[in-house]
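Since the structure comes first, as structure tokens, the remarks are kept for the end.
In what follows, chains carry the letters A, B, and so on, assigned in the order in which the sequence lines appear, proteins first and then strands, with residues in each chain numbered from 1.
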Amino acid sequence: KQEVTQIPAALSVPEGENLVLNCSFTDSAIYNLQWFRQDPGKGLTSLLLIQSSQREQTSGRLNASLDKSSGRSTLYIAASQPGDSATYLCAVSLDDYKLSFGAGTTVTVRA
Amino acid sequence: DGGITQSPKYLFRKEGQNVTLSCEQNLNHDAMYWYRQDPGQGLRLIYYSQIVNDFQKGDIAEGYSVSREKKESFPLTVTSAQKNPTAFYLCASSPRGNTIYFGEGSWLTVV
């Protein structure tokens, strides 16, 4: 069974600092990996999708890397802003449909 | 606007009562999902459906039931057999093997 771990569970940084969020998974035979953002009491918003054949994806200030052999992905958020405060979750899929989620990292960006 | 609509946002269930959560999507996605989220935990898959009139159990299907009579709709019934139903429920949809989109969620509380 795929296990997904996100460490740390919570992170607090001053505004302007770069954020580094980690995700590890136990089964390297993944189909894809996704990073999501969740605001309190809300649904999830997809940030980046990395297919298994890709090494990284970028969108604006966000960059996600994928190393299947070591079972790791890292989400980088450059020049953090208070609006980046949220919980970030990663999820991996072993097929076209089912995702296994980590518990998330809750980020606070201090103004 | 295209998206996923969940209702109600808040729902209270009495002991021994069945309740149904609604999920409607107008994204023309084939696949639909129901996830449960407990505080400080990742999402866990309850049921998913790849096509109309077909659905599969996820990791925590006991005490829940679903139907998929229309492509747009995937209601979830929380039955009295679910002994600990208090949680945040998220509906999602996706095209096959691609980014998954979530609704805003429904809070269910047992009173």
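In terms of heavy-atom proximity, B/Gln6 sits nearest to B/Glu104 at OE1-N, 3.8 Å. Taking all atoms of both residues into account, the shortest heavy-atom contact from B/Ser67 to B/Phe55 is CA-CE2, 4.1 Å.
Ranked by heavy-atom pairs shorter than 4.5 Å toward chain B, the options A/Ser93, A/Gly104, A/Gly41 are led by A/Gly41.
Of the atoms belonging to A/Leu99, heavy atoms from both backbone and side chain fall under 4.5 Å from chain B. In this structure, chain B has no heavy atom under 4.5 Å from any part of A/Gln6. For B/Leu43, the parts sitting under 4.5 Å from any heavy atom of chain A are the backbone and the side chain alike. Interface residue B/Tyr33: only side-chain heavy atoms are found under 4.5 Å from chain A. For B/Gln56, no part sits under 4.5 Å from any heavy atom of chain A, backbone or side chain. Only the side chain of A/Leu89 comes within less than 4.5 Å of a heavy atom of chain B; its backbone N, CA, C and O stay farther away.
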List the steps, then state whether side chain to side chain donor-acceptor pair (under 3.5 Å) holds for A/Glu56 with A/Asn63.
CA-CA 7 Å; A/Glu56 68 176 344; A/Asn63 174 274; 3.1 Å; yes

Can you list the steps and then say if A/Arg61 with A/Asp84 is a salt bridge (charged side-chain N to carboxylate O under 4.0 Å, His left out)?
CA-CA 11 Å; A/Arg61 294 185 294 114; A/Asp84 294 329; 2.9 Å; yes

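For the residue pair A/Ser69/A/Asp67, the side-chain donor-acceptor check at 3.5 Å is satisfied.
For the pair B/Arg13 and B/Val78, the minimum side-chain heavy-atom distance is below 4.5 Å.
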